[in-house]
Colleague: 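What follows is a structure written as structure tokens; I'll ask about it next.
Only a predicted model underlies this, so the values are computations on that prediction, with no experimental measurement involved. Numbers for residues simply follow the sequence, beginning at 1. Atoms considered below: every heavy atom in the structure, side chains included; atoms not considered: hydrogens, waters and symmetry mates.
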Amino acid sequence: MLQERKRGGPRKGAGRKAQPESEKRVAVTLSVSPESRKLMNALRRRKINISRVFDQCLKEYCEDHFIVPLKKDEIKPGKKLQNSAGKESEPE
């Protein structure tokens, strides 16, 4: 009788563990100047997490300019937002 091989397949407890809500990340796409790209590459070579730097800079900018985020329930899929010029735009 041939012995059945058991290789691969799902295993209990395998894979990445779920991140706590405070640590979850979302992907975004940005356009930056070539100079900013060079700076980002320099940070990356030094093993500095660019996403965390961006988060910190964005928070500091908003604090310095007294900008507060909208409540989560104010932004709904498909809802139009008005910019400072009064023109409607899609939420990002």
Side-chain angles (χ1 to χ4, degrees):
M1 178 161 94
L2 293 173
Q3 191 174 19
E4 188 177 321
R5 293 184 184 182
K6 292 185 179 182
R7 293 188 180 200
R11 297 175 315 282
K12 185 176 181 179
R16 288 188 178 197
K17 306 302 177 229
Q19 292 287 324
E21 196 65 35
S22 62
E23 293 294 317
K24 288 190 178 181
R25 315 294 288 164
V26 295
V28 295
T29 302
L30 299 172
S31 296
V32 297
S33 68
E35 181 183 356
S36 293
R37 179 61 184 192
K38 289 178 186 176
L39 293 170
M40 291 168 63
N41 288 337
L43 292 172
R44 189 174 283 123
R45 283 192 300 273
R46 289 171 176 80
K47 307 286 189 227
I48 296 172
N49 187 320
I50 297 167
S51 295
R52 305 279 186 220
V53 171
F54 179 76
D55 282 346
Q56 182 180 356
C57 292
L58 188 61
K59 287 176 187 176
E60 288 176 11
Y61 181 89
C62 289
E63 288 172 2
D64 291 347
H65 293 83
F66 306 105
I67 299 170
V68 295
L70 296 173
K71 295 177 190 172
K72 286 182 181 179
D73 60 346
E74 288 180 6
I75 299 177
K76 295 180 182 163
K79 182 178 179 183
K80 302 279 186 184
L81 297 178
Q82 285 192 352
N83 61 18
S84 58
K87 295 181 180 179
E88 288 188 347
S89 64
E90 292 289 331
E92 296 180 5

Colleague: Roughly how far apart are D64 CG and C57 SG, rounded to 0.5 Å?
Modeller: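 Atom-to-atom, D64:CG and C57:SG are 10.5 Å apart.
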
Colleague: For atom NZ of K47, decide whether the heavy atoms of other residues, nucleotides or ligands shown that lie under 6.0 angstrom number more than 12.
Modeller: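 Atom NZ in K47 is not packed in, count stays at 12 or less.
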
Colleague: Where do M40 and I50 come nearest, in terms of heavy atoms and distance?
Modeller: O-CD1, 3.2 Å

Colleague: Does K38 come within less than 4.0 Å of E35, counting only side-chain N to carboxylate O?
Modeller: no

Colleague: CG of N49 to CG of D55: how many Å apart, nearest 0.5 Å?
Modeller: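 Result: 8.5 Å between the selected atoms.
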
Colleague: Would L58 and L30 show up in the same hydrophobic cluster when neighbours are defined by side-chain heavy atoms closer than 4.5 Å?
Modeller: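 Yes; L30 is reachable from L58 via cluster members.
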
Colleague: For a quick test of reading the model, state the closest non-hydrogen atom pair linking R52 to R25 and the distance between them.
Modeller: NH1-NH1, 2.8 Å

Colleague: V32 and R37: which non-hydrogen atoms are nearest, and at how many Å?
Modeller: CG2-N, 4.1 Å

Colleague: Please evaluate residues V53 and Q56 with respect to the criterion side-chain contact (heavy atoms from CB on, under 4.5 Å), reporting the C-alpha separation (whole Å), side-chain torsions for both, the decisive distance (0.1 Å), and the verdict.
Modeller: CA-CA 5 Å; V53 171; Q56 182 180 356; 5.7 Å; no

